[in-house]
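The next block holds one structure in the form of structure tokens; read it before the comments.
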Amino acid sequence: MKLTLDPGAAALLDTLHAAGYAAYAVGGCVRDSLFGRTAHDWDLCTSALPQQVMELFGAEQCIPTGLQHGTVTIKYGGQLYETTTFRTEGSYTDGRHPDAVQFVPDVREDLARRDFTINAMAYNEAEGLVDPFGGQKDLQNGLLRAVGEPQQRFTEDALRILRLYRFAARFGFALDAATARAARQLAPHLDCISAERIQEELAKLLAAPQPGAYLEPAVLAVVLPELTPAALDAAKPVVDACPAGEENLPVRWAALLGALGEADTRRVLKRLRCSNACIEETAVLVRETAGKGVCGSFSEDRPLGWDPAAAGSRAGDGMARFVSEEKAPAHPGDIHLRQLLGRYGLCTVERLYALCAALQPQNAPDCALAAQRARQLDADGVCCRVSQLAVNGRDLMAAGIPAGPALRRVLEALLDGVIYAEYPNEKPALLTAAQKIIAS
């Protein structure tokens, strides 16, 4: 078995070997290389003690990341390589971190402390693959299995329970029966894990291609107790139907938590220490796809994306006026789309229709058309917000409209008129309309 090592990792291993130390690439980089994926982080392990690593590579090239646990980060070729001394670990009083570590000379002892067999492999060019627990076979068979006794692995560090489902979802692997059983039984131990770490693992799980099957009820009951079993079952296919990837995380969160409503969704994400940006975006998606929102706009008697209730009280009149004057745009739903674009921007609008398509598969083609039309409106620079009007506050004040709240109301009324095609987005027409608005 021969793997292609990252050039920097290979150079560092050569230096360690030349100094008389055992050294290997270890963990995820070996796993991903065997799996035919590009490894991004190359971690190393060695028989050299932390101080010996620092003496070998020099203080300027080393960051003492965690000397008490044997870890030094080496800077090489513009990259960072986390390098850890072979070690075993003592008891885990807090269920998360070892109380003490003991440095050992054999890499196999080090691999024995790791979480899953696919992560417990090491490699160097001289010895090839070191795989004492059958990680390569499990990788080939698409199986996620704990190293050694699953109960012990999860008791040592309860976060490994979430990591189990996260890795399985990422690769689409089956779970070893004994490992899955231990994870379910020990799920209550997750209550000792910080909200930040839980959120980090849940986010990676939700970003996976098809995470629904890995949203284990016994685990979710501990980390997301607000979500009932029935709500979780209903959410799983919706989550799977949403676009994957970290950039679509708000869509997946909204699909999972939408049944809670906007206020409780906010509370859950705040408890999990999600970023304010993620909380706000998810809340918007939940709010706008509920009831008669974006998803309520698709029915046989309404054009694409058209929802009078969501668009405002003038929406029906505006549509009637377009039709009666035979000035209806090619896309009647443009009014609603332009209002959404003005309120949230293109990225959120695309996410809204992606979530709507997942919630209502029968309307997925219409959702795709609405998103496509929104992209076209945005690319064409169609006026959707006050900042895109051909006049601004200075223009209106120069025309005699006083500064203050009234000025903002006039600008918003002008935008409304442009969106409903009452007048063109041209400066003379808007200044004339502004005088009529202020006089009314």
Side-chain angles (χ1 to χ4, degrees), residues 3 5-6 8-31 33 39 41-76 79-136 146-160 163 197:
L3 301 180
L5 292 171
D6 167 82
L12 295 179
L13 292 177
D14 286 344
T15 301
L16 286 162
H17 290 151
Y21 301 112
Y24 305 83
V26 69
C29 60
V30 177
R31 176 200 66 220
S33 296
D41 296 318
W42 286 81
D43 294 336
L44 310 180
C45 62
T46 179
S47 61
L49 298 175
Q51 192 59 41
Q52 293 170 325
V53 172
M54 295 186 70
E55 290 173 358
L56 181 62
F57 292 99
E60 291 186 359
Q61 197 175 347
C62 295
I63 304 170
T65 313
L67 296 182
Q68 70 276 21
H69 294 114
T71 301
V72 175
T73 299
I74 304 174
K75 295 179 285 186
Y76 187 89
Q79 303 294 322
L80 297 176
Y81 297 87
E82 194 171 276
T83 306
T84 303
T85 304
F86 303 153
R87 72 189 198 197
T88 59
E89 298 172 341
S91 59
Y92 288 67
T93 303
D94 65 356
R96 179 70 186 94
H97 306 95
D99 297 331
V101 302
Q102 180 178 353
F103 300 136
V104 294
D106 188 349
V107 67
R108 289 161 182 78
E109 292 183 77
D110 182 271
L111 296 176
R113 69 177 174 83
R114 295 174 182 263
D115 52 8
F116 309 115
T117 61
I118 64 170
N119 296 332
M121 295 181 284
Y123 178 86
N124 66 31
E125 290 185 344
E127 298 177 54
L129 185 68
V130 180
D131 180 19
F133 303 103
Q136 184 180 19
V147 171
E149 172 52 50
Q151 292 268 352
Q152 182 180 350
R153 294 285 85 81
F154 295 137
T155 300
E156 289 170 345
D157 183 358
L159 189 64
R160 288 170 173 168
R163 284 169 58 84
R197 298 308 300 271

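What you are looking at is a predicted structure, and each value in this text was computed from that prediction instead of being measured.
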Can you see which heavy atom on [X] is nearest to which on [Y], and at what distance?
X	Y	result
Leu5	Trp42	CD2-CZ3, 3.6 Å
Leu13	Ala25	CD1-N, 3.9 Å
Arg87	His69	NH1-O, 2.7 Å

Side-chain touch [X]/[Y], heavy atoms, less than 4.5 angstrom:
X	Y	value
Thr84	Asp43	no
Asp106	Val104	no
Asn119	Arg163	yes

Between [atom1] of [X] and [atom2] of [Y], what distance do you get to the nearest 0.5 Å?
X	Y	atom1	atom2	value
Gln102	Thr88	CD	OG1	4.5 Å
Thr85	Leu44	OG1	CG	11.5 Å
Phe86	Ser47	CZ	OG	5.0 Å
Asp157	Arg113	CG	CZ	11.0 Å
Ile74	Leu16	CD1	CG	6.0 Å
Thr65	Leu67	OG1	CG	8.0 Å

Side-chain ([X]) to main-chain ([Y]) donor-acceptor, under 3.5 angstrom:
X	Y	answer
Arg153	Val147	yes
Thr46	Ala22	yes
Asp131	Gln136	yes
Thr83	Tyr81	yes

Practice problem: Sequence neighbours left out, what passes side chain to side chain donor-acceptor pair (under 3.5 Å) with Gln151? Give chain and number order. | Solution: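 Counting only residues at least two positions away or on another chain, Gln151 forms a side chain to side chain donor-acceptor pair (under 3.5 Å) with Gln185.
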Quiz item: Met121 and side chain to side chain contact (heavy atoms under 4.5 Å, CB included): which partner among Leu111, Val26, Leu129?
Solution: Leu129
Side-chain donor/acceptor pairs under 3.5 Å, residues 48-63, sequence neighbours excluded:
{"unit_1": "Gln52", "atom_1": "OE1", "unit_2": "Leu49", "atom_2": "N", "d": "2.8"}
{"unit_1": "Gln61", "atom_1": "NE2", "unit_2": "Lys75", "atom_2": "O", "d": "3.0"}

Quiz prompt | Pairs touching residues 9-30 that satisfy side chain to side chain donor-acceptor pair (under 3.5 Å), sequence neighbours left out | solution = Tyr24-Glu127
